[in-house]
*Asks:* 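One structure follows; several queries about it will come next.
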Amino acid sequence: MEQPTPRTSAVVPWSLLLLCLVSGALQARAQPNSNGFISIDCGGPTGYVDHTTGLSYTTDAGFIDADAGNNHNISVEYITPSTPKSSYSVRSFPSETRNCYTLSSLVSGFKYLIRGEFLYGNYDDLNTLPIFDLYIGVNFWTKVNILEAGTAVYTEAIMVVPNGSLQVCLMKTSSGTPFISGLDLRPLKNKLYPLANETQALVLLYRFNFGPTDSHDIIRYPLDPYDRIWFPFIVHATDWTDMSTDMNVNADVDQLFQPPEAVMQTAITPRNVSNNIEFRLNLQSFPYNLGMGYIYTLYFCELDDLSSSKAVREYYIYKNGVLDYSKAYTPTYLSDGYFYSTGPFQADQSIVISLDATAESTLPPIINAIELFAVIATTTLGTDEQDGATIHLHELKIVIIVHARCLKLSLVSY
Ligand SMILES: *[C@@H]1O[C@H](CO)[C@@H](O)[C@H](O)[C@H]1NC(C)=O
Ligand SMILES: *[C@@H]1O[C@H](CO)[C@@H](O)[C@H](O)[C@H]1NC(C)=O
Ligand SMILES: *[C@@H]1O[C@H](CO)[C@@H](O)[C@H](O)[C@H]1NC(C)=O
Ligand SMILES: *[C@@H]1O[C@H](CO)[C@@H](O)[C@H](O)[C@H]1NC(C)=O
């Protein structure tokens, strides 16, 4: 497939900081649950039920040596009404080089989402942004690079756990004191994210929901039963139409990704019917050379009822200028749809994904959400003879997910 003709027009400016800043009201609201979630508020004095998600948070006391590190509250100037309570406090580790949290009672061979949260908030009154390393067990996970005192950095990985317990370790480098605000573990159905398996894990680089007009409109638990965090990607009304529906979107229970309905109820489309959609996913902030490549998932749902009109919406999906799906794609009215990479692909500085309307299409493409992951090999450790069964143990090599760097969304005319 040849490179599509280079086309540019309005490049929509977008502030990455808005998406990183946890300044918005979390929209979720619900009961505490017992789904096997572990929600740890590091450095906090007591457990509590978070009023925005309804999730029960515990202190980190049972997960780390009592004498490891110091507890601090962040500076009040970084607390807004919508700052998650788990970010109010941190545990910091000024003295020992390596400090570990141990999550136990996991089920070996099951799939989990693990997420670290880091909001510096000038907790030490030093106004010095630290850089440090994260490990899973003895294996390098990622470098946590705090770029702004008031910006929460999230790291997330989806993995099949090799063991009933998992250690997350903060490792001091020469650039300041490691700290952590929160640590979450969420069990996933094993069929979800099929490319996360015993030999490879997925490290989240981007997850965006299109269509919300309010940058505070973050979707997570309970709207997402797996508590993935879907940050809104805000577009400019001059170039884009925000689409939304209050109608139910049919979810396929056998779906491999199971996006929350609230994510599928919104989408964006170019305002000018002659325009297409192009994403440029910048990889430069990530240690991408450590991985096996990348995968992405695109979520689509038609939100306009086209049944009584002659309108046609169909488009091709290109990745770095090459057709990634041999057929034209038509999103289904009020029904979950998705397109995903069936195997990891290589990329250098960036990944360009284009949705190009076919010649027959009378409407421009739409998109509801996108996820991009780095695929990381997990290394076999050996075997365990417990219960007479042979269980393969693997060490995980997982790199980062710092949320939201330079995703550029463009309109392209044809
Ligand atoms: C942080 O603030 C809470 C609530 O005001 C308080 O109970 C706790 O002792 C403070 N922690 C530290 C380390 O100062
Ligand atoms: C697996 O669990 C055992 C204890 O149950 C522990 O000694 C070992 O280090 C763990 N392995 C990994 C890779 O975490
Ligand atoms: C994991 O998925 C990859 C395909 O991306 C496959 O090659 C590998 O064999 C799978 N591993 C297991 C243990 O199923
Ligand atoms: C829509 O896009 C086409 C192609 O770029 C351009 O020629 C046309 O002027 C645009 N229409 C409007 C209303 O902006």
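Read the numbers this way: they start at 1 and go in the same order the structure lists the ligands and their atoms. Nothing here was measured: the structure is a model prediction, and the numbers come from that model.
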*Asks:* Can Asp227 and Arg186 be counted as an ion pair, charged N to O under 4.0 angstrom?
*Replies:*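 Here Asp227 pairs with Arg186 in a salt bridge, since their nearest N and O are under 4.0 Å apart.
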*Asks:* Is Asp60 salt-bridged to Arg91, cutoff N-O under 4.0 Å?
*Replies:*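 Here Asp60 pairs with Arg91 in a salt bridge, since their nearest N and O are under 4.0 Å apart.
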*Asks:* Kindly confirm or rule out an N or O of Glu198 lying under 3.5 angstrom from an N or O of ligand 3.
*Replies:*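 Min N/O separation from ligand 3 is not below 3.5 Å for Glu198.
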*Asks:* Is atom 5 (O) of ligand 1 close to the protein, meaning a heavy atom under 4.0 Å from it?
*Replies:*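 Within 4.0 Å of atom 5 (O) of ligand 1, no protein heavy atoms are found.
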*Asks:* Do Arg271's NZ or CZ and the ring of Trp240 fall within the cation-pi criteria of under 6.0 Å and 45°?
*Replies:*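 No, Arg271 does not lie over the aromatic ring of Trp240.
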*Asks:* Would you say atom 11 (N) of ligand 1 makes contact with the protein, given that contact here means a non-hydrogen protein atom less than 4.0 Å away?
*Replies:*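 It does; a protein heavy atom is within 4.0 Å.
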*Asks:* List ligand 3 atoms under 4.0 Å from Gln200, heavy atoms only on the residue side.
*Replies:*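 Ligand 3 atoms under the 4.0 Å threshold to Gln200: 1 (C), 2 (O), 3 (C), 4 (C), 5 (O).
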*Asks:* Does Thr342, backbone or side chain, put an N or O under 3.5 Å from an N or O of ligand 3?
*Replies:*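 Between Thr342 and ligand 3, no N or O pair is found under 3.5 Å apart.
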*Asks:* Within 45° of the axis and under 6.0 Å from the centre of the six-membered ring of Tyr296, does NZ or CZ of Lys319 qualify?
*Replies:*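 Not flagged: Lys319 not positioned over aromatic ring of Tyr296.
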*Asks:* So, are Asp224 and Arg220 salt-bridged, with charged N and O less than 4.0 Å apart?
*Replies:*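 Looking at Asp224 and Arg220, the cut-off is not met.
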*Asks:* Would you mind checking which non-hydrogen protein atom is closest to atom 9 (O) of ligand 3, with the distance to 0.1 Å?
*Replies:*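 Answer, as residue, atom name and distance: Thr199 OG1, 4.5 Å.
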*Asks:* If I take atom CG from residue Leu372 and atom OH from residue Tyr206, how far apart are they, to the nearest 0.5 angstrom?
*Replies:*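 Leu372 atom CG to Tyr206 atom OH measures 7.0 Å (nearest 0.5 Å).
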*Asks:* Under 4.0 Å from a heavy atom of Leu195: which atoms of ligand 3 are those, numbered in the order shown and with their elements?
*Replies:*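 Those of ligand 3 that fall under 4.0 Å from Leu195 are 5 (O).
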*Asks:* Verify whether one side chain among Tyr333 and Asp304 offers a donor that lies under 3.5 Å from an acceptor in the other.
*Replies:*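 There is no such pair between these side chains.
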*Asks:* For atom 7 (O) of ligand 1, which protein heavy atom lies nearest, and how many Å away is it?
*Replies:*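 Result: Pro45 CG, 3.9 Å.
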*Asks:* Looking only at distances, can you tell me whether any N or O atom of Ser274, backbone or side chain, sits closer than 3.5 Å to an N or O atom of ligand 4?
*Replies:*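 No, Ser274 has no N/O under 3.5 Å of an N/O on ligand 4.
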*Asks:* Got the closest protein heavy atom to atom 14 (O) of ligand 3, with its distance?
*Replies:*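 It is Asn197 ND2, 3.6 Å.
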*Asks:* Are the charged groups of Lys85 and Asp50 less than 4.0 angstrom apart, N to O?
*Replies:*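 No, Lys85 and Asp50 are not salt-bridged.
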*Asks:* Under 4.0 Å from a heavy atom of Asn71: which atoms of ligand 1 are those, numbered in the order shown and with their elements?
*Replies:*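 Selected atoms, number and element: 13 (C).
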*Asks:* Under 4.0 Å, heavy atoms only, figure out whether ligand 3 is touched by the backbone of Val375, its side chain, both or neither.
*Replies:*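 Neither; nothing of Val375 gets under 4.0 Å from ligand 3.
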*Asks:* Any N or O of Asn73 that comes nearer than 3.5 Å to an N or O of ligand 1?
*Replies:*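 Asn73 vs ligand 1: N/O contact under 3.5 Å present.
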*Asks:* Would you say Tyr325 and Phe339 make side-chain contact, with heavy atoms under 4.5 Å?
*Replies:*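 Yes, at least one pair of side-chain atoms sits under 4.5 Å.
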